[in-house]
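Data block below; observations after.
Read the numbers this way: they start at 1 and go in the same order the structure lists the ligands and their atoms. It should be emphasised that the depicted structure is a prediction, and the values quoted were computed from it without experimental measurement. Heavy-atom basis, side chains included; hydrogens, waters and symmetry copies ignored. Numbers here are sequence positions counted from 1.
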Amino acid sequence: MIKITKAAWDTMVSHVEKTFPKEGCGVMVGSGGLVEEAVPLPNTYSGPQEDFFVMDPKDLHRVDREARGKGLDVLGVFHSHPDCDAYFSKRDLEHSCPWFSYVVLSIKRGRFDHAASYRPDFDQKEAPKEELIYG
Ligand SMILES: [Zn+2]
């Protein structure tokens with residue numbers, strides 16, 4: 001289960017509504033399964049960003065360092081699916097880390113529609129849905 005505070009959730013939704021119709025992304029920071037802070041990051045994918053996202057490892061390391069400095073951890077990654085449902089794609093699975101939660105936000109016509117969270121298994125064969133509580 002992953003819980004997201006209202007402040008973090010609002011940051012996530014407003015970021016991915018802004019990046020629409022491209023995929024928006026970022027990192028979720030907190031502790032004990034509670035996301036206290038969302039950090040939007042640039043999508044650096046060089047192909048069509050309507051279809052995929054990539055985050056710069058330098059950005060990830062910076063956020064990780066800053067989180068640790070505050071006694072927090074990176075709990076997961078969020079990204080949007082513009083005009084598409086909040087499923088976890090095969091490509092998402094291939095690029096995932098097993099110890100992270102992956103929150104996918106479905107944005108339809110520029111507005112938040114629904115979301116789901118996934119937790120990839122260790123060999124990245126499957127990513128079962130986990131309970132997501134936000135707001
Ligand atoms: Zn995706």
* To do: With the Zn ion (ligand 1) as the reference point, give the N/O/S atom of Asp92 that is nearest.
  => OD2

* Asked: So, are Glu131 and Lys3 salt-bridged, with charged N and O less than 4.0 Å apart?
  ->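 Salt bridge between Glu131 and Lys3, a charged N being under 4.0 Å from a carboxylate O: no.
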
* Asked: Are there more than 12 heavy atoms of other residues, nucleotides or ligands under 6.0 Å from atom NZ of Lys108?
  ->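 For Lys108, atom NZ is crowded (more than 12 foreign heavy atoms under 6.0 Å).
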
* To do: May I ask you to check whether Trp9 and Phe112 place their ring centers less than 6.0 Å from one another?
  =>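 Centroid distance Trp9-Phe112: below 6.0 Å, so yes.
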
* Asked: Less than 6.0 Å separating the ring centroids of Phe52 and His95?
  ->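 Yes, the ring centres sit under 6.0 Å apart.
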
* Quick check: does Glu23 have an N/O/S atom under 2.8 Å of the Zn ion (ligand 1)? ->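 No - counting backbone and side chain alike, Glu23 has no N, O or S atom under 2.8 Å.
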
* **Opening angle between NE2 in His79 and NE2 in His81, taken at the Zn ion (ligand 1), to 10 degrees** =>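 An angle of 100° at the metal.
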
